[in-house]
Amino acid sequence: MHKTITTPVLLAAAFSFAASAQAAQWTMATPYGDASFHTKNTKQFAEDVAEATDGELTINVHSGGSLVAHGEIKPSVRRGTIEAGEVFLSILSNDDPIFEVDTLPGVAGSYDDAFALWETTKPLITEIFAVEGLMPLYAVAWPSQGIYTDFELNTEEQFEGLRVRAPNINTQRFVNYLGGNPTETEESDIPTAFSTGRVDAMITSTSTGNSMTAWDYVSHYTDANLWLPKNIVFINQRAFDRLDEATQEAVLEAAARAEERGWQMSRDDNEASTQALQENGITVAPPNDEVATALQAAGDRLFGDWEERADDAAKQVLEEYRNQRDE
Ligand code: PCA
């Protein structure tokens, strides 16, 4: 008799032990390698969450596109195959033109402006993600984008037929307008693209030039300050809802810290990477007048394109950002 009463109690106690021992495990994918400051920041975020929750939530970060290819990360998080992901925000431009507003020339050319653009676009981006059951956690800018070549870039004609690696569709359009031949290539495939002769040049940041050892295949970096595109980190809403309140709070808090830390890391990495490029023999210089004029003309066309594609909500947000910036 005694036994039949105590057993269920003991079982319940054992079960609750088992439940807390079975802490949540999330899988997260990012296309960027371990040498990228973005990945370092994201891994720190995962560590912060594990620490703050005492291991109740562990996030396993798979970097370098090793688990899920870049284009599959958002669909995988949406389906819940993985719980979290990081992508280059502007690769989502086919879903909505608001996602590529940070790869347009003349919109935000400094870290302060880029951050203000993020703050202004965040509510709309969050809304669009929510429709798919996704929740953005934070976004961090790359340093501004420039042009890597294996010659000194000083005339407009040099763009003619130049095979340029670009990280998204918008940058490909830009290359087209300059007269070049764009190829979309993942960051991790950059060395192969050069070594197999598929590309002669690339558009990316000092950071990616540094982490991909650009000096192995190019000699010049034209610091054109085209735009400061962002990575976005997001999670599956259902996975988040399954966490208890304290764990949810810990995730949001760690995300806020990751965002703040990440923007500073970007600034610092830009400086360190510029130095690394130079130390490894790359000539870093701003565009001359002729090249700057050509970039401006291509940029104007790119912007015109975007305005045709963008819906009223996206245009309105851009307007809001501009009004704030120009105040
Ligand atoms: N590095 C990434 C995105 C932008 C950047 O600076 C890349 O080139 O793929």
Side-chain angles (χ1 to χ4, degrees), residues 29-42 63-66 68-74 85-93 99-105 107-111 114-115 117-118 138-149 163-175 180 182-194 198-218 221-233 262-263 265-274 276-277 282 284 302:
T30 171
Y32 301 101
D34 292 336
S36 168
F37 73 88
H38 281 288
T39 305
K40 289 178 189 150
N41 188 36
T42 290
S63 58
S66 57
V68 185
H70 200 169
E72 276 305 308
I73 291 178
K74 183 165 162 262
E86 172 162 359
V87 301
F88 192 42
L89 179 60
S90 49
I91 66 149
L92 309 177
S93 62
F99 297 138
E100 62 185 345
V101 77
D102 65 3
T103 59
L104 294 174
V107 174
S110 69
Y111 276 105
F115 189 71
L117 181 66
W118 166 231
Y138 61 89
V140 174
W142 290 89
S144 70
Q145 306 290 291
I147 307 164
Y148 289 84
T149 48
R163 292 170 308 163
V164 186
R165 174 271 167 180
N168 67 353
I169 296 175
N170 229 20
T171 312
Q172 290 190 64
R173 288 190 191 104
F174 185 66
V175 171
T183 323
E184 191 169 339
T185 311
E186 283 303 318
E187 190 205 52
S188 53
D189 294 331
I190 288 175
T192 315
F194 276 100
R198 202 146 45 82
V199 298
D200 321 299
M202 65 175 168
I203 294 186
T204 187
S205 58
T206 51
S207 288
T208 291
N210 182 20
S211 50
M212 293 289 118
T213 62
W215 47 86
D216 289 343
Y217 28 86
V218 291
Y221 179 63
T222 302
D223 192 1
N225 194 24
L226 295 172
W227 44 77
L228 288 86
K230 293 182 295 290
N231 276 6
I232 189 163
V233 170
W263 284 74
M265 284 174 94
S266 184
R267 289 175 193 256
D268 296 346
D269 196 82
N270 185 33
E271 278 179 29
S273 291
T274 304
L277 292 175
I282 294 206
V284 178
L302 195 63

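Predicted model only: the values in this text are computed from it and were never measured. When a residue number appears, it is its place in the shown sequence, counting from 1. In listed order, ligands and their atoms are each counted from 1.
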> Between E100 and R173 (salt bridge meaning N to carboxylate O under 4.0 Å), is one present in this structure?
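Salt bridge present between E100 and R173.
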> List ligand 1 atoms under 4.0 Å from E187, heavy atoms only on the residue side.
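Within the 4.0 Å cut-off of E187, ligand 1 contributes 9 (O).
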> Considering heavy atoms of the protein only, find what lies nearest to atom 7 (C) of ligand 1 and give residue, atom and distance to 0.1 Å.
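Minimum-distance protein heavy atom for atom 7 (C) of ligand 1 reads R165 NH2, 3.4 Å.
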> Going by the order shown, which atoms of ligand 1 are within less than 4.0 Å of some heavy atom of P167?
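Under 4.0 Å from P167, ligand 1 has these atoms: 7 (C), 8 (O), 9 (O).
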> What's the verdict on side chain to side chain contact (heavy atoms under 4.5 Å, CB included) for E184 and I169, showing C-alpha distance, side-chain angles and the deciding distance?
CA-CA 7 Å; E184 191 169 339; I169 296 175; 4.0 Å; yes
> Report the nearest protein non-hydrogen atom to atom 5 (C) of ligand 1: residue, atom name, distance rounded to 0.1 Å.
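In this structure, atom 5 (C) of ligand 1 has T204 OG1, 3.2 Å as its nearest protein heavy atom.
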> Among all protein heavy atoms in this structure, tell me which lies nearest to atom 1 (N) of ligand 1, with the distance rounded to 0.1 Å.
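Sorting protein heavy atoms by distance from atom 1 (N) of ligand 1 puts T208 OG1, 2.7 Å first.
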> Spell out, as yes or no, whether a donor-acceptor pair under 3.5 Å connects the side chain of T208 to the backbone of T204.
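No, because the side chain of T208 does not come within donor-acceptor range (under 3.5 Å) of the backbone of T204.
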> F174 and W227: ring-ring contact (aromatic ring centres under 6.0 Å, His included), yes or no, with the steps?
CA-CA 12 Å; F174 185 66; W227 44 77; 5.2 Å; yes
> Which ligand 1 atoms does F88 reach within 4.0 Å, using its non-hydrogen atoms?
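This gives 3 (C), 4 (C) as the contact atoms.
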> Side chain, backbone, both or neither: which part of Q145 comes within less than 4.0 Å of ligand 1 when only heavy atoms are counted?
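It is the side chain that gets close, since no backbone atom is under 4.0 Å.
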> At what distance is the nearest protein heavy atom to atom 6 (O) of ligand 1, and which residue and atom is it?
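The protein heavy atom lying closest is S205 OG, 2.6 Å.
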> With ring-ring contact (aromatic ring centres under 6.0 Å, His included) as the test, would you mind laying out the steps for W118 and Y111 before giving the verdict?
CA-CA 10 Å; W118 166 231; Y111 276 105; over 10 Å; no
> Hey, are T185 and D189 close enough side-chain-wise for a donor-acceptor pair under 3.5 Å?
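No donor-acceptor contact under 3.5 Å links the two side chains.
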